[in-house]
Visitor: 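Once you've had a glance at the structure underneath, I'll fire off some questions.
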Protein chains: 2
Amino acid sequence: MSNEVFKALADPHRRRILQLLKKRSMSVTDIQKHFAFTGATLSHHLDVLKRADLVTTERRGQFIHYALNTSVIEEVLSAFYSLFSC
Amino acid sequence: MSNEVFKALADPHRRRILQLLKKRSMSVTDIQKHFAFTGATLSHHLDVLKRADLVTTERRGQFIHYALNTSVIEEVLSAFYSLFSC
DNA sequence: CAGATATTTAGACAGATTTCTAAATGCTAC
DNA sequence: GTAGCATTTAGAAATCTGTCTAAATATCTG
């Protein structure tokens, strides 16, 4: 697992975004409703998550939907587990 | 689990330190042998891990031994797991 | 096409992080 | 107590990060 994943998880706003996406995939506008910062800032956080391969995107007309990249999550969990397990 | 834990894990050198401590507790001098940076820098990284409660310390004479805080590791793993599990 | 909404990009700034050197502190042993 | 090794603290420099405003790009609708 890349360093990008750990860096992406280091910010509480980004972890909150992941938790929101755990329930269902959401458009940027939907995600935005849960935060006080600007759209530009949200876009930056989403970019960090995307580069870490933690989320995927899909355009649906005007909207872009973000979703957890479930195929990577398994990998992330086992890497995290092996970091600690003795 | 606090934000401090995630921030502590965001640095590759600190993750490497944790992996070393997974095998056995070590003095600062022993840990130092695995890294190119200065003792002051190592001391800083150890401080971050300590504040995140990921490691414990014990003085043995001249040396200070660092060890994984195993009681916290369980907590960290389950928090991490719940961040992703659907 | 023109206007409205959705999202990203560019550029700037403040604060945090990593690293260093130099100095301080703590312990051991002569 | 002085010398030496182990570790931390202080302070500074360089880089990185989170945030903003303003502008650009993309899509939809009339």
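The chains referred to below are lettered A, B, ... by the order of the sequence lines, with proteins before strands, and numbering in each begins at 1.
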Visitor: Can you confirm whether B:M26 sits close enough to B:H34 that some side-chain heavy atom of one is under 4.5 Å from a side-chain heavy atom of the other?
Guide: yes
Visitor: Rounded to the nearest angstrom, tell me the gap between atom NE2 in B:H65 and atom C1' in C:dG26.
Guide: 15 Å
Visitor: Please report the distance, rounded to the nearest Å, between CD1 in B:I64 and P in D:dT9.
Guide: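 Taking CD1 of B:I64 and P of D:dT9, I get 9 Å after rounding.
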Visitor: Atom CZ of B:R15 to atom P of C:dT18: distance rounded to whole Å?
Guide: 11 Å
Visitor: Counting heavy atoms from C-beta on, name the nucleotide in C:dC20, C:dT7, D:dG18 closest to the side chain of A:D11.
Guide: D:dG18
Visitor: Does one hydrophobic cluster hold both B:V48 and B:V72, with members joined at side-chain heavy-atom distances below 4.5 Å?
Guide: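 Different clusters.
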Visitor: Tell me the interatomic distance from B:F35, atom CZ, to C:dC20, atom P, rounded to whole angstroms.
Guide: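 Value for this atom pair: 13 Å.
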Visitor: What does B:Y66 touch in the nucleic acid at a heavy-atom separation under 4.0 angstrom: a base, only the sugar-phosphate, or nothing?
Guide: sugar-phosphate
Visitor: Can a side chain N or O of B:H45 be found less than 4.0 Å away from OP1 or OP2 on C:dT17?
Guide: no
Visitor: Considering only heavy atoms from C-beta outward, does the side chain of B:L21 approach that of B:L54 to under 4.5 Å?
Guide: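 Side-chain contact under 4.5 Å: no.
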Visitor: Where along nucleotides 25-30 of chain D does protein come under 4.0 Å, by heavy atom, of base (B) or sugar-phosphate alone (S), with - for untouched nucleotides?
Guide: -SBS--
Visitor: List in chain and number order the residues that pass side chain to side chain contact (heavy atoms under 4.5 Å, CB included) with B:S27, two or more places apart in sequence or in another chain; answer none if no residue qualifies.
Guide: B:T29, B:D30, B:F63, B:H65
Visitor: Ignoring hydrogens and angles, tell me if any N or O in the side chain of A:R15 forms a donor-acceptor pair with the backbone of A:L9 under 3.5 Å.
Guide: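 At least one qualifying donor-acceptor pair exists.
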Visitor: Between D:dT9 atom C1' and B:L42 atom CG, what is the distance in whole Å?
Guide: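 Taking CG of B:L42 and C1' of D:dT9, I get 14 Å after rounding.
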Visitor: Using heavy atoms and a sub-4.0 Å distance, could you list which residues of residues 25-33 of chain A are near DNA chain C? By number, please.
Guide: A:S27, A:V28, A:T29
Visitor: Backbone N or O of A:A52 within a donor-acceptor pair of the A:K7 side chain at under 3.5 Å?
Guide: no
Visitor: With side chains defined as the heavy atoms from C-beta onward, is the minimum distance between B:I17 and B:L42 less than 4.5 Å?
Guide: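 Side chain of B:I17 against side chain of B:L42, heavy atoms only: contact under 4.5 Å found.
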Visitor: Is any side-chain N or O of A:H44 closer than 4.0 Å to OP1 or OP2 of C:dT9?
Guide: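 For A:H44, the contact criterion (side-chain N or O under 4.0 Å from OP1 or OP2 of C:dT9) is not met.
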Visitor: Side-chain N or O of B:T38 less than 4.0 angstrom from OP1 or OP2 on C:dC20?
Guide: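 Yes.
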Visitor: Within the structure, does a side-chain N or O atom of A:T41 lie under 4.0 Å from either OP1 or OP2 of D:dG18?
Guide: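 No, because none of the side-chain N or O atoms of A:T41 sits under 4.0 Å from OP1 or OP2 of D:dG18.
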Visitor: The test is side chain to side chain contact (heavy atoms under 4.5 Å, CB included); show your working for A:R16 and A:L20 and say whether it passes.
Guide: CA-CA 6 Å; A:R16 183 90 184 90; A:L20 290 170; 4.0 Å; yes
Visitor: Among the nucleotides D:dA22, C:dT18, D:dG18, which one has an atom lying closest to any side-chain atom of A:A40?
Guide: D:dA22
Visitor: Please tell me whether A:F37 and A:H45 form a close aromatic pair, meaning their ring centres lie under 6.0 Å apart.
Guide: yes
Visitor: From the list C:dT8, C:dC20, C:dT18, which nucleotide is the closest neighbour of the side chain of A:S43?
Guide: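 Taking heavy atoms from C-beta onward, the closest nucleotide is C:dT8.
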Visitor: Rounding to an integer number of Å, can you tell me how far B:R51 CZ sits from C:dA16 C1'?
Guide: 14 Å
Visitor: Could you point out which residue of B:N69, B:D53, B:V5 forms a side chain to side chain contact (heavy atoms under 4.5 Å, CB included) with B:V76?
Guide: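 Testing B:V76 for a side chain to side chain contact (heavy atoms under 4.5 Å, CB included) against B:N69, B:D53, B:V5 leaves exactly one candidate, B:V5.
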Visitor: When all nucleic acid strands are considered with a 4.0 Å heavy-atom cut-off, which category describes A:D47: base, sugar-phosphate, or nothing?
Guide: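 No contact at all - A:D47 keeps every heavy atom at 4.0 Å or more from the nucleic acid.
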Visitor: In whole Å, what is the span from the CZ atom of B:F6 to the P atom of C:dA16?
Guide: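 Spelled out: CZ on B:F6 to P on C:dA16 is 21 Å.
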Visitor: For the pair made of CG in B:L49 and P in C:dT18, what is the distance, rounded to whole Å?
Guide: 11 Å
